[in-house]
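Have a look at the structure below, then the notes.
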Amino acid sequence: MDHQQETSIIMRILWLLLMVGVWSAPLSASSVHTIRITTEASQHGLPIAIVPFTWEVPGRSPPEDVAAVVRNNLERSGRFKAMPPGDMLARPRSAEEVNFADWRILNMENLVVGRIEAGGSDEFQVTFQLLDVGKQEQITGYRFNTNRQDLRATAHHISDIIFERLTGERGAFSTRIAYITSLNEGTSNHRLTLTVADADGHNPQTIIESSEPLMSPTWSPDGRRLAYVSFENRRPGIWIQEIFTGRRTQVTSFTGINGAPAWSPDGRLLAMTLSKEGSPDIFVFDLERSTLRALTRHFAIDTEPAWSPDGKQIIFTSDRGGGPQIYQIPSSGGEPKRLTFEGPYNARASYSPDGRLLTYVTRVGRNFRIAVQDLRNNQVRVLTDGRLDESPSFSPNGKMIIYATRVDGKGELAAVSTDGRVRQRLALQRGDVREPVWSPYTR
Amino acid sequence: MLSTPIRYLMSSSLVLGLLVGCSSTPPSTGSGAPVAAMDGSRQPGASSHSAFEYFGTPGTGIAREGGIPEGEEFDDDYYYSPYQDQSASTTPTNALEVRTIYFAFDSSEIHADFIDIVRAHGMALASNPNLVVTVEGHCDERGSREYNIGLGERRANTVKRMLMAQGARAQQIVTISYGEERPVALGSNEQAWALNRRSELVY
């Protein structure tokens, strides 16, 4: 069965399920998207050569190019400049086969070699070695038993090991992203989905689909649940769904807006926007006790709460000063303090995992772009150059920001390194994609 | 050259003059598609409280994308008005035919072109206590989505307050904000944005 046919059958099944309304699924459904990755090559970063891993499994063809996954991951981080395989003078399969002079002459500081062999009880055995070209020695090396389905996960794991050894910081390549896809917009068959995928955009799995708007997905701190807004009852409500079981519960359905859920770092509280008392204000809902506490009371629009990593502060968007700007308020209550002063429109802010930076959407002339603000000196840097960039979300190591952009009138996801050096589009072939949120670390 | 909002302000008094005294004219059937028809899932008229039996065919003379100059960059305070639309084959003659109120960017102010329209709906609701209307608030795609949910609600509430000022009761009016989630015009351009910044009265 070719892929297109398979997709259309899956879509027809989805369509049938949707006749009865919203469809939620545990995180195991087969993927229906195909992903195309385009990279703006890094001109900076640590030079590294990742030699294509030799395929040593008789009678089978490689399901994934493991070295290419690793190369793509490391480049996307903005910290590495990976050598194109076509420029390599040799393709050793292990450290013993390496002639270090071949790589020194190409100014490579680090070299990765590897091979994939038939495994024992598992299908494959992946071996890799990270080598220091200058010192002519191995930095680290591992062997993994894996199978066809987990080969990409193994490649992400290898990427994490290399990233951590060479930068001293934890990699985030094994984490996931969630986002909203809009399908068939402008037709009577309009569908919204909430999808979870690997951090590089591969392996997408729809966890809920609806004919009514879905928006504002947000991860629980344990990475096992998503809160989001669904209009499935013809009004907005906040829902929580377990991604591995598909089990879901409605948290709120107050009159007016039920929006912008945000989990506290300890997972006990959900900050949200409610307008039940007239105008949108920030509330904090206790998930264990089912109690609700108002944090702001103002006739302005107060929305998009986000917690500081220590849980002591909440930032939010408010137009109490005229246009939308970012404010901070103690999560226990108090006086809001304005944090953004540059530009007429700043919204949807969130903290970096170390609490030192904010990222938000900022208006620059007639464009909306992603900015980072350093909270120590309040310096603002605009990282992107699109017309309609929005919904920035930090990776759990704080090194990258995923965001939504529009390319040729179509919503796509992109990632930018927090230093602004490297941007990469994660282009999905189907639908209009938006509101990406990066998962926390789950191990 | 005059800026866009000034041009509209200058002609708005003429438009209000046109509206008065034309309310009994039978609805004309323009060739343009009504805005509501662009969203197939929410065709109004099926409800038992349909206002159309009172007010005739909806939507005639309402916004077309062709009525907004192409390729032009507007000030943030530009808003679409069917009364300014040179491409419209008919100008709305009955204020109650108009069910969509358009706004400027990040604004919930009801402009002069629409004030008599909203008042007419308010009076109709006041004199038909069983009539119920849903006032939807919508935004263009620019800016953040949850902020736009807030802005859409503010637009719907502004319309609701003006309806109530004419005697409509709160129980007759349901408000809902869809933010930027339900555009009527697709595309990332000034024309689409102008048509999407709106409040719809759905009977």
Side-chain angles (χ1 to χ4, degrees), chain A residues 180 182 185-190 192 211-216 229 231 234-236 255-260 273 275 278-280 299-305 316-319 322-324 344-349 360-361 363 366-368 387-388 390-391 404 406 408-411 432 434-435, chain B residues 37-43 65 72-76 78 105-108 134-158 160-161 170 173-193 195-196 202:
Chain A
I180 305 288
S182 169
E185 194 153 335
T187 75
S188 58
N189 191 25
H190 188 205
L192 286 307
S211 57
E212 298 297 319
L214 290 173
M215 55 188 296
S216 306
V229 175
F231 282 63
R234 300 271 163 171
R235 336 194 286 104
T255 304
I257 294 170
N258 295 259
T273 303
S275 66
S279 67
F299 57 81
I301 297 170
D302 291 346
T303 188
E304 301 173 331
F316 62 100
T317 307
S318 176
D319 72 341
Y345 193 117
N346 295 300
R348 186 147 170 161
Y360 49 78
V361 180
R363 182 171 178 173
R366 299 197 61 78
N367 304 299
F368 291 81
R387 277 176 77 214
L388 291 162
E390 57 181 49
S391 301
R406 292 197 80 82
D408 301 328
K410 186 174 165 297
D432 210 70
R434 60 226 193 179
E435 294 202 86
Chain B
M38 295 167 82
D39 183 349
S41 63
R42 285 178 308 129
Q43 279 289 358
E65 285 194 56
E72 197 172 306
E73 282 206 343
F74 295 113
D75 297 334
D76 281 352
Y78 172 81
F105 177 74
D106 196 18
S107 165
S108 59
T134 298
V135 181
E136 299 179 353
H138 300 270
C139 304
D140 71 30
E141 65 179 345
R142 294 177 294 168
S144 72
R145 287 174 180 272
E146 285 284 359
Y147 179 77
N148 280 338
I149 290 284
L151 177 60
E153 185 180 76
R154 186 185 279 164
R155 285 175 177 161
N157 282 336
T158 308
K160 177 181 178 177
R161 274 196 297 277
I173 307 164
V174 177
T175 56
I176 183 164
S177 174
Y178 285 104
E180 60 179 279
E181 308 302 316
R182 284 198 177 279
V184 287
L186 302 180
S188 297
N189 54 62
E190 300 279 356
Q191 292 178 298
W193 294 335
L195 292 181
N196 289 332
V202 182

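Residue numbering restarts at 1 for every chain, and letters A, B, ... go by the order of the sequence lines.
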With a 4.5 angstrom heavy-atom cut-off, which part of A:F231 approaches chain B: side chain, backbone, both or neither?
side chain
Given a strict heavy-atom distance threshold of 4.5 Å, which part of A:L388 is in contact with chain B: side chain, backbone, both, or neither?
side chain
Mind listing the closest non-hydrogen atom pair of [X] and [Y] along with its distance?
X	Y	value
B:G143	A:Y345	CA-OH, 3.2 Å
B:I176	A:R234	CD1-O, 3.2 Å
B:R182	A:S211	NH2-O, 4.2 Å
A:R406	B:S188	NE-OG, 2.9 Å
B:D106	A:P324	OD2-CD, 3.5 Å
B:Y178	A:P213	CD2-CG, 4.2 Å

How many angstroms lie between [atom1] in [X] and [atom2] in [Y], if you round to the nearest 0.5 Å?
X	Y	atom1	atom2	result
A:S216	B:R145	OG	CZ	8.5 Å
A:S182	B:L186	OG	CG	8.5 Å
B:E141	A:F368	CD	CZ	10.0 Å
A:R363	B:D76	CZ	CG	4.0 Å

With only heavy atoms counted, which part of B:I149 is less than 4.5 Å from chain A, the side chain, the backbone, both or neither?
both
Contacting region of B:R154 [heavy-atom separation from chain A under 4.5 Å]:
side chain
Of the listed residues (A:E390, A:E435, A:R434, A:E185), which shares the most heavy-atom pairs with chain B below a 4.5 Å separation?
A:R434
Non-neighbouring partners of B:D140 that pass side chain to side chain contact (heavy atoms under 4.5 Å, CB included), sequence neighbours left out
B:F105, B:R142, B:W193, B:N196, B:R197
Would A:E212 and B:E181 satisfy side-chain contact (heavy atoms from CB on, under 4.5 Å), going step by step from the backbone distance to the final call?
CA-CA 9 Å; A:E212 298 297 319; B:E181 308 302 316; over 6 Å; no
Can you tell me which residue among A:T317, A:T303, A:D319 is in a side-chain hydrogen bond (donor to acceptor under 3.5 Å, both in side chains) with B:Y147?
A:D319
Any luck finding a side-chain donor-acceptor pair between B:E146 and A:T273 under 3.5 Å?
no
